[in-house]
Amino acid sequence: MSERQPFAPWTDPGADPLIRFDRVTKRFGDFTAVEAVDLAIYQGEFFSLLGASGCGKTTLLRMLAGFETPSEGRIFIDGVDVSAVPPYERPVNMMFQSYALFPHMSVEQNVAFGLRQDGMPKARIKDKVRDVLDLVRMTGFAGRRPHQLSGGQRQRVALARCLAKEPKVLLLDEPLAALDRKLREQTQLELVGIQDRVGITFVMVTHDQGEAMTMSSRIGVMNTGHIRQIGTPVDIYEYPTSRFVADFIGAANMFDGTVTGGGDGRLTVACPELGHDIAVDYSGALAAGAPVTVMVRPEKMAVSRERPVEGMNWTEGGIADMAYLGDVSVYHVRLESGHKIEVLRTNLRHSGDRPPDWDDRVFVSWHPANALVLTR
Amino acid sequence: MSRFRRLGRFLVALPPYAWLVVFFLIPCLIVFKISLSEAQQGIPPYLPLVDWAAEAGTRLRVNLGNYGYLFGDELYAAAYLGSLRLAGISTLCCLLIGYPAAYAIARAPGAWRHSLLLLVALPFWTSFLIRVYAWIGILKTEGLLNGLLLWLGIITEPLQILQTNLAVVIGMVYSYLPFMVLPLYANLEKMDLSLLEAAADLGCRPFRAFLAVTLPLSVPGIIAGSVLVFVPAVGEFVIPDLLGGPDTLMIGKVLWAEFFDNRDWPVASAVAVAMLVLLVAPVMVFQHIQHKRAEATR
């Protein structure tokens with residue numbers, strides 16, 4: 001059995017990125033939408049820009065499309081500085097959040113529009129349109145007008161219109177935001193499938209972290225015009241580098257504390273909220289007295305009525321809230337300090353062991369390796 | 001409950017409909033009635049349509065001769081065609097001037113738009129008649145325009161503009177331009193600008209994007225503006241009367257002459273009815289197109 005090479009061109013220092021942002025800043029009057037962003041995206045990636053509304057992700061995408069020009073810095077696509085190239089001369093295509101299908105043209109004319117601009121011969125346009133409509137499974141709808149299509153069908157036509165141009169980069173602005181939930185989940189996987197087949201680099205903007213996690217090879221987490229962290233979904237969930245990212249992606253328990261000692265890849269941190277010192281694995285070096293935040297994900301903690309074994313970090317409290325969700329239960333444990341901890345408990349058995357319940361005094365425990373020290 | 005609601009709706013709709021019936025429909029019917037009667041010397045200057053007094057009993061005297069007269073004398077056909085021609089030229093000029101204006105206003109920064117729109121509507125604050133009279137002062141032989149052109153040295157002899165069809169077109173374009181700009185603005189302003197970005201994104205240069213996207217999508221605005229200019233321009237009387245000359249043959253002037261100079265009310269009424277029919281046709285075509293469009297985008 002041949003070992004499948006993981007797709008990770010960003011780990012290869014010799015690889016040239018397809019897209020490179022070089023200290024790009026964009027200001028609108030007094031407002032700085034994007035500030036000094038450096039970013040490299042590689043051929044074949046499905047890259048997501050994730051952030052709340054107003055974080056600058058759409059501005060970044062629009063600069064890549066050519067609708068906005070950077071106030072400072074340069075943008076390279078395939079080694080060419082495109083900072084001053086107008087949108088109609090860029091090798092990128094964008095799928096708009098509103099889809100922006102031309103209402104006075106049929107599906108076929110919409111898809112053919114970009115090819116006609118290139119002066120492609122009519123017969124080839126016809127073939128190409130048929131191929132891409134096939135790819136997005138919209139073959140039978142060529143003669144329809146956009147208003148005769150459902151939201152999901154419009155989305156496919158918008159995608160086909162971009163794919164027909166065979167761009168070097170396909171930009172997607174909240175591509176699934178207008179779809180209902182069920183269709184959205186189905187379309188997520190389909191989009192990834194199409195991207196895999198055509199091999200075009202996708203750059204997507206989304207505010208939905210589930211969407212970003214499901215679809216992306218890497219995610220850039222944005223906030224107030226800055227990219228806070230770039231990494232694979234696993235990286236940014238398991239190893240966030242800042243309090244912001246830890247808090248933004250998934251649920252996180254965070255304890256403020258001060259380093260009291262350490263060595264051998266482990267730190268001891270005094271956390272007033274927990275009542276006593278805890279141990280955290282940490283490979284770097286931090287001097288005693290340094291203020292840190294310790295982050296533990298809810299599913300990496302255990303809640304139980306029994307005192308945990310030696311070597312585990314633990315704390316105790318009362319159950320403030322709990323919710324049975326079927327596969328898991330969510331416990332909110334209130335510590336004596338008033339701090340609340342969220343813990344996830346997988347419901348492994350039908351019945352048998354009695355899970356912690358209201359009124360129980362419980363212990364929350366976690367292994368030092370499952371906690372993360374954040375200094376930012 | 002529903003009966004009350006229906007009654008309420010009826011009461012709300014009643015005043016405007018009553019107004020239209022009393023002051024529009026009934027006068028129209030009176031005009032139509034007169035157009036079918038025979039002229040006479042006297043007051044009123046036409047014979048009653050229904051003759052009650054005859055010994056042979058009540059007699060209906062319908063006279064289609066007035067309409068026949070319209071076909072008989074080529075003056076009327078020439079006047080109708082003249083009206084259509086001048087109204088058509090004026091509409092085209094309004095479109096050529098109004099479209100860029102409406103486009104510029106629709107794409108102006110938000111804070112500017114209201115002021116610019118107000119400027120378009122500003123002429124309405126002065127009486128229409130006074131504004132047309134003002135054009136006499138501008139266009140006459142020793143008027144402002146000739147004075148300016150002479151001063152600039154572009155011409156050596158003053159131009160005869162007043163009392164020509166050119167003056168009529170200038171007056172109509174000036175008067176009706178806002179009716180072209182406003183519906184076009186309303187159309188262009190609500191256009192989804194991401195469509196133009198999509199066109200650019202797909203490799204379309206700005207001017208081609210205008211031709212391929214903006215222009216086709218603004219057709220309803222073009223039609224609305226053109227109808228609003230064309231229809232009143234066809235029946236226009238004041239402008240050709242004040243600015244036009246002996247060559248200006250427009251149906252509004254002919255109607256005036258029949259009514260006041262010849263005192264032939266039946267023929268004048270027939271002219272009016274024919275004009276109404278002539279104008280209702282394009283409006284109905286327009287409404288049909290609008291309706292189809294509304295169906296299509298539903």
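In what follows, every heavy atom counts, from backbone to side chain, and hydrogens, waters and symmetry copies are set aside.
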Student: Could you look at A:Phe96 and say if it's the side chain, the backbone, both or neither that has a heavy atom under 4.5 Å from chain B?
Tutor: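 Side chain only.
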Student: Looking only at side-chain N and O atoms, does A:Thr201 offer a donor or acceptor that is under 3.5 Å from a partner on A:Glu45?
Tutor: no
Student: Both conditions, 6.0 Å and 45 degrees, for the charged tip of A:Arg161 above the ring of A:Phe102: are they met here?
Tutor: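 So A:Arg161 does make the cation-pi contact.
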Student: Against the six-membered ring of A:Phe47, is A:Arg218 placed for a cation-pi contact (under 6.0 Å from the centre, within 45° of the normal)?
Tutor: no
Student: Give, as side chain, backbone, both or neither, the part of B:Leu195 having an atom under 4.5 angstrom from any heavy atom of chain A.
Tutor: both
Student: So what's closer than 4.5 Å to chain A heavy atoms on B:Ala209: side chain, backbone, both or neither?
Tutor: neither
Student: Hey, does the side chain of B:Arg131 reach the backbone of B:Thr126 with a donor-acceptor pair shorter than 3.5 angstrom?
Tutor: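 Checking the backbone N and O of B:Thr126 against the side chain of B:Arg131, a donor-acceptor pair under 3.5 Å is found.
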Student: Is A:Met95 close to chain B through its backbone or its side chain, or both, or neither, when contacts mean heavy atoms under 4.5 Å?
Tutor: neither
Student: Mark yes or no for whether A:Arg27, through its side chain, and A:Thr32, through its backbone, hold a donor-acceptor pair below 3.5 Å.
Tutor: no
Student: Can you tell me which portion of B:Asp201 sits under 4.5 Å from chain A's heavy atoms? Options are side chain, backbone, both or neither.
Tutor: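 Answer is both: backbone and side chain atoms of B:Asp201 are under 4.5 Å from chain A.
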Student: Count the heavy-atom pairs under 4.5 Å between each of A:Gly114, A:Ala65, A:Pro146, A:Pro86 and chain B, then report the option with the highest count.
Tutor: A:Gly114
Student: Treating A:Asn110 as the side-chain partner and A:Ser106 as the backbone partner, does any N or O pair qualify as donor plus acceptor under 3.5 Å?
Tutor: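 Side chain of A:Asn110 to backbone of A:Ser106, a donor-acceptor pair under 3.5 Å: yes, one is there.
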Student: Given that the side chain runs from C-beta out, which part of A:Leu171 has a heavy atom under 4.5 Å from chain B: side chain, backbone, both or neither?
Tutor: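 Contact with chain B is absent: no heavy atom of A:Leu171 under 4.5 Å.
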